[in-house]
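Down below is the structure, laid out as structure tokens.
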Amino acid sequence: MQEIRFDASAPQVAAAMEKAYSPTTFEQHWSQRWEESGYYAPRGEGASYCIMLPPPNITGSLHMGHAFQSTLIDILMRYHRMQGARSLWQGGTDHAGIATQLVISNLLSKQGKECTDRETFLREAWRWKHSSSSTITRQLRRLGASVDWSRERFTLDAGLSSAVREVFVRLYNEGLIYRGQRLVNWDPVLRTAVSDLEVQPREQQGQLWYIRYPAAAGPGVVVATTRPETLFGDVAVAVHPQDERYADLPGQHLQLPLTDRHIPVLADEQVDREFGTGCVKITPAHDFNDYELGQRHSLPMRNIFAPDASLNDQVPEAYRGMDRFAARERVIQELSRLNLLVRTEPHALTLPCGDRSGAVLEPRLTNQWFLRMQSLAAPAIQAVQDGRVRFVPEHWSRTYFEWMYNIRDWCISRQIWWGHRIPAWYDAAGKVYVGHDEQSVRERHGLKGELRQDEDVLDTWFSSALWPFSTLDWPQSSADLQRFYPTSVMVTGFDIIFFWVARMIMMGLKLTGEVPFREVYIHGLVRDADGNKMSKSRGNIIDPLDLIDGIDLETLVQKRVTGLLRASDATRIEEHTRRDFADGIAAYGTDALRFTFAAMATHGRDIRFDISRMEGYHNFCNKLWNATRFALLMVEREGSDVLAAVAPAGVAERWIVSRTGVAIQRITDAIGVYRFDLAAAEAHEFIWAEYCDWYVELTKSLCAHAAVPEQRQATLYSLLRVLESALRMIHPIMPFVTEELWQRVAPVVGVSGASIMLHSWPRAADFPRDGAAEAELAWLKQAVGGLRQLRSMHNIPRSVRLPVYYREGDELEREWLTRHTLQLQDLARVAAPVEQGTGSAGVATALAGGMVLQVPLAGLLDKATEMQRLDRDITRHRKDFSKLEGKLANANFVQRAPPEVVEKERQRRRELGAILARLEGQRVEMENV
RNA sequence: AGGCGCGUAGCUCAGUGGGUAGAGCACCACCUUGACAUGGUGGGGGUCGUUGGUUCAAGUCCAAUCGUGCCUACCA
């Protein structure tokens with residue numbers, strides 16, 4: 001589909017451009033156009049390049065982390081697409097079991113619907129999913145994310161669900177999945193088990209209670225505990241076998257307070273003699289350490305909690321049905337009354353909390369499904385060790401190894417409804433059968449009687465771990481699977497190395513025999529300007545779309561203070577918001593946001609989002625916009641086809657071409673090593689500091705003085721040609737503005753194509769390095785800079801042209817002076833022409849290489865100012881010079897440093913010496929004026 | 001307790017095989033010049049946390065130390 005939106009030969013193109021960059025006028029247009037035209041789909045026959053979008057949660061809306069990550073992925077996708085790779089960004093969403101079930105339950109209870117059966121709940125859940133799950137994908141489109149939406153997947157899709165069952169069956173048949181009664185982290189609010197990774201440790205100031213357990217005869221012992229209510233689950237008290245204080249205790253029995261039970265004292269090395277009294281109560285059903293100790297000593301397990309962590313019928317009648325925390329109070333009261341509470345002391349402890357519910361978790365003995373990890377981990381460790389999977393930055397592999405070496409079995413069953421139901425069936429006798437579906441189970445095992453499917457669903461991360469291949473039709477060996485798997489790189493935050501990366505590698509290797517991705521690029525986490533994590537409760541969240549579209553202060557305040565968990569936070573949040581965003585947020589546009597993300601994507605782990613930085617990059621967009629407007633205006637003014645240019649390129653053209661090649665190479669290299677910050681910095685530097693500040697300015701001068709139209713055309717051709725390539729080299733970072741401008745620029749230089757995003761990546765080889773031109777321009781810049789400084793320091797108004805004479809300088813420099821005399825006039829406001837000077841009395845000087853540019857004081861310049869300026873320069877140079885002298889006087893340096901380094905320093909000393917001599921001579925003369 | 005980071009200009013951060021410390025923002029001065037005041041020109045500002053070591057040479061390598069952050073484990 002060929003589409004030329006602008007006819008560059010029509011004179012109104014540039015004139016029709018808005019004077020100021022205004023992203024809202026075109027961004028959405030292009031994002032729709034690209035998607036409708038199918039540009040996001042893989043194309044061409046190049047090598048495959050594939051990235052899996054870490055599937056966002058269907059409950060979610062786009063936050064800064066998503067926006068940041070998607071920007072980085074999109075930079076990679078657009079870059080590789082332009083490099084000619086057959087590129088696929090596979091997108092989709094995750095059903096997020098617990099999170100979604102929570103959202104929907106809340107929704108239903110708000111509507112007054114109490115949902116007590118699975119079928120109704122799932123019907124509601126799917127209805128909700130269909131109506132609102134596209135929020136985040138819509139938002140991703142606004143970012144310009146070039147995801148191939150035609151292949152969008154959802155973890156509960158039929159195909160992906162079938163893959164999940166297939167994996168479950170295979171791993172079960174191999175004995176890697178097993179069911180058993182184990183102590184697991186139990187969330188009493190959600191009433192489900194969760195895995196170790198879903199536990200959020202939270203520090204809290206608690207208490208340590210010292211409780212006396214009387215012996216049948218004698219005083220008994222004192223134990224220390226942070227959870228007195230669990231004493232009802234006690235089955236023993238343990239001491240260290242070498243603890244002399246209690247040497248005679250093991251074997252004796254104690255009276256368990258508040259009950260009529262007696263429990264034994266036993267000896268175990270696990271006991272820490274230093275802690276508390278050195279006697280520890282053992283509650284195997286409610287503590288992980290006690291559980292292990294219980295196993296060793298074959299102790300009974302007494303489960304005293306119901307699923308909601310209220311006390312069950314294993315406790316004295318008075319406590320039954322009581323909430324665990326109420327029970328704690330009651331236990332303490334009672335013990336105190338019975339004089340069994342010896343003392344209480346404050347104690348800092350870390351409580352395990354559910355990452356979704358926030359509830360304090362209880363270790364609880366339940367039947368769960370587990371995945372054995374040891375044998376899966378070994379090859380996954382190997383894959384990273386031998387480089388089949390490479391972490392960037394490399395040090396994250398340490399974190400990965402650390403976790404993998406100490407891996408524990410994964411509890412994969414959840415007692416909720418929303419998710420992949422476990423494909424296991426029980427017969428009347430409770431015997432379990434695992435298979436794809438009930439039918440196949442019956443056939444395989446010849447079962448006639450009633451079968452009941454397991455009520456549990458799988459942990460969401462179980463299906464996420466399969467995402468790199470389940471989205472590509474695995475277990476079918478599809479063409480896409482062949483082509484795109486293993487995928488190229490996984491882009492994600494360090495917070496989910498374990499959740500995602502590690503499990504994907506294990507599952508990928510186990511089920512496909514291949515790693516799921518060859519590289520893992522770990523990016524930092526976006527924080528606010530003060531380095532705090534962004535969160536609703538802190539009220540420091542920024543919605544990426546507000547940065548794109550803008551938002552006024554009042555709306556922003558409202559947005560931040562509604563829906564808070566604690567209403568008391570509202571005042572503080574409002575205050576901070578009014579302070580930090582006094583004028584609201586301007587509509588900066590997607591490209592400015594993306595450029596900011598790229599610029600911040602260093603290899604550190606915290607990314608502080610600074611809105612002033614974004615404002616600067618929005619200005620950069622404007623700069624680019626206006627540079628293009630200027631270039632097109634120049635072409636229009638010329639009124640002829642710049643392609644007809646026949647004159648050989650001048651030195652300025654050769655220079656900008658050379659610099660363009662360098663910029664392309666640097667950006668290419670930076671993206672290759674995931675240094676988006678360096679790529680952004682290079683683009684910024686090249687476009688602003690080289691193209692705009694120098695080449696555009698030179699163009700004005702060159703065109704104004706061109707003797708023949710052909711010269712002008714040659715200059716303008718380079719102006720446009722370089723711009724066209726510059727647009728391409730920053731397209732991956734800023735897709736919208738580059739497309740909008742490229743559509744206008746490309747036709748002028750004979751580059752055709754439907755879209756910049758389908759065009760090729762610029763090649764450095766097309767912009768050859770030109771050392772001679774670079775040296776010459778460096779000289780010119782130095783000359784201009786010197787004269788400008790002189791003007792500025794002496795406060796000479798712009799309107800006054802400087803009379804300038806030259807002295808010294810070699811033949812080459814005199815040639816350069818002649819060649820650029822007009823540019824010197826225009827850029828440094830020099831009065832033409834620059835003649836050879838006759839003396840040095842009464843002049844201020846600027847140095848350009850070996851040449852001295854003189855400006856007569858003649859009432860223009862102030863002697864005292866000039867003396868000051870000279871002194872400043874002399875001081876600086878002398879400091880450098882003496883440092884160099886010292887270095888070169890050091891025999892060790894001269895002997896041991898590489899000869900080329902020594903030579904370089906000698907050369908520098910010569911130059912510096914010459915400069916210093918001139919400055920000092922100048923100073924003597926100035927003094928005599 | 002173990003692991004991993006970070007400490008460079010007022011702020012946010014670069015600094016690539018050791019060889020002249022950089023950018024953006026902020027600040028000061030001047031300038032509405034025909035792409036852009038969302039701009040231009042010039043300028044000020046850092047003994048690179050501290051101490052020691054290796055080296056001819058250390059922001060960079062090594063060790064120690066201080067500060068700070070995160071992760072994992074433990075916490076009766």
Side-chain angles (χ1 to χ4, degrees), chain A residues 14 17 19-21 196 201 208-210 223-227 230 237-238 271-272 275-283 287-290 347-350 393 395-396 398-399 401-403 406 494-495 497-498 525 529 531 586 599-600 602-610 612-613 615-634 637 669-670 673 675 677-678 681 684-685 689 692-693 696-697 700 784-785 788-793 795-799 826 828-829 872 880 883-884 887 890-898 900-902 904-905 908 912:
Chain A
M17 280 177 76
K19 193 173 165 187
Y21 164 68
D196 299 337
L208 197 56
W209 286 277
Y210 287 78
V223 300
T225 181
T226 54
R227 299 194 300 159
T230 61
V237 165
V271 178
D272 178 358
F275 192 92
T277 58
C279 296
V280 55
K281 64 194 233 16
I282 302 299
T283 323
D287 182 283
F288 287 100
N289 283 322
D290 293 1
H347 178 68
L349 72 168
T350 313
H395 69 253
W396 286 111
R398 296 286 299 265
T399 303
F401 288 136
E402 208 61 38
W403 190 68
N406 300 301
F494 59 79
D495 52 334
I497 289 177
F498 309 141
L525 261 37
M600 296 188 315
T602 62
H603 278 187
R605 60 170 72 184
D606 291 330
I607 313 287
R608 291 193 190 199
F609 189 82
D610 185 353
S612 71
R613 195 127 176 227
E615 189 178 350
Y617 294 132
H618 168 259
N619 294 349
F620 174 60
C621 294
N622 183 61
K623 189 76 179 175
L624 181 63
W625 179 270
N626 274 289
T628 302
R629 199 163 77 93
F630 168 78
L632 292 172
L633 282 169
M634 291 293 278
R637 189 182 305 166
D669 292 346
V673 292
R675 287 301 303 266
D677 60 323
L678 298 182
H684 191 272
E685 169 79 9
C692 292
D693 286 352
V696 165
E697 294 307 317
K700 292 175 186 171
V784 170
R788 280 174 174 169
Q789 189 195 63
L790 215 149
R791 177 191 295 278
S792 177
M793 292 250 162
N795 251 318
I796 302 169
R798 218 190 100 78
S799 54
D826 290 341
R829 306 280 298 160
R872 189 197 64 173
D880 288 350
K883 228 161 76 182
L884 260 183
K887 206 169 179 182
N890 183 345
N892 272 327
F893 172 71
V894 179
Q895 280 163 19
R896 302 202 197 182
E900 62 273 19
V901 171
V902 177
K904 207 176 130 194
E905 300 291 56
R908 244 188 87 222
L912 222 45

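Fair warning: this is a prediction, and the values are worked out from it, not measured in the lab. Convention: sequence-line order gives letters A, B, ...; per-chain numbering from 1.
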Enumerate all atom pairs, one protein N or O and one N or O from nucleotides 45-48 of chain B, separated by less than 3.5 Å.
none

Check nucleotides 26-35 of chain B for protein N or O atoms closer than 3.5 Å to its own N or O atoms and list the pairs.
| from | atom 1 | to | atom 2 | distance (Å) |
| --- | --- | --- | --- | --- |
| B:U33 | O4' | A:Arg798 | NH2 | 3.4 |
| B:U33 | O2 | A:Arg798 | NH1 | 2.7 |
| B:U33 | O2 | A:Arg798 | NH2 | 2.8 |
| B:A35 | OP1 | A:Lys700 | NZ | 3.1 |
| B:A35 | O3' | A:Arg629 | NH2 | 3.2 |
| B:A35 | O2' | A:Asn626 | OD1 | 2.5 |
| B:A35 | O2' | A:Arg629 | NE | 3.4 |
| B:A35 | O2' | A:Arg629 | NH2 | 3.0 |
| B:A35 | N7 | A:Lys700 | NZ | 3.1 |
| B:A35 | N6 | A:Glu697 | OE2 | 3.1 |
| B:A35 | N3 | A:Asn626 | O | 3.1 |
| B:A35 | N3 | A:Ala627 | N | 3.2 |

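Distances shorter than 4.0 Å separate none of the side-chain N or O atoms of A:Asn892 from OP1 or OP2 on B:U55.
Shown here are the ring-ring contact (aromatic ring centres under 6.0 Å, His included) partners of A:His684, two or more places apart in sequence or in another chain: A:Tyr617, A:Phe620, A:Trp688. Under the side chain to side chain donor-acceptor pair (under 3.5 Å) criterion, A:Thr230 pairs with A:Lys281, sequence neighbours left out. Applying the side chain to side chain contact (heavy atoms under 4.5 Å, CB included) criterion to A:Cys692, with sequence neighbours excluded, gives A:Lys623, A:Ala627, A:Ile687. Checked against ring-ring contact (aromatic ring centres under 6.0 Å, His included), A:Phe630 has no partners two or more places apart in sequence or in another chain. Partners of A:Glu697 by side chain to side chain donor-acceptor pair (under 3.5 Å), not counting sequence neighbours, listed by chain and number: A:Lys700. With sequence neighbours left out, the side chain to side chain contact (heavy atoms under 4.5 Å, CB included) criterion links A:Pro898 to A:Glu900, A:Val901. Not counting sequence neighbours, the partners of A:Phe288 by the side chain to side chain contact (heavy atoms under 4.5 Å, CB included) test are A:Leu183, A:Asn185, A:Pro363. Partners of A:Asp669 according to the side chain to side chain contact (heavy atoms under 4.5 Å, CB included) rule, which considers only residues two or more places apart in sequence or in another chain, are A:Gln665.
As judged by a 4.0 angstrom heavy-atom cut-off over every strand, A:Ile497 is placed among residues making no nucleic acid contact. Residue A:Arg605 is classed as a base contact, given a heavy-atom separation below 4.0 Å to a base. When heavy atoms are screened at a 4.0 angstrom cut-off, A:His618 is found touching base atoms of the nucleic acid. Within the nucleic acid shown, A:Thr225 comes within 4.0 Å of sugar-phosphate atoms alone, with no base atom in reach, counting heavy atoms only. As judged by a 4.0 angstrom heavy-atom cut-off over every strand, A:Val271 is placed among the base-contacting residues.
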TODO: Could you summarise the pairing of RNA chain B as dot-bracket text, marking Watson-Crick and G-U pairs under 3.5 Å with ( ) or [ ] inside the strand and | across strands?
DONE: (((((((..((((.....[..)))).(((((.......))))).....(((((..]....))))))))))))....
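Between B:U41 and B:U32, the two P atoms lie 15 Å apart (nearest whole Å).
Across A:Thr283 and A:Asp290, no two heavy atoms sit closer than the pair N-OD2, 2.7 Å.
Rounded to a whole Å, the CH2 atom of A:Trp403 is 10 Å from the P atom of B:A73.
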Open item on the list: Across nucleotides 12-22 of chain B, 5' to 3', mark each nucleotide with B, S or - according to how protein heavy atoms within less than 4.0 Å reach it.
Closed with: SSSS---BB--
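In this structure the side chain of A:Leu208 reaches within 4.5 angstrom of the side chain of A:Phe275, judged on heavy atoms.
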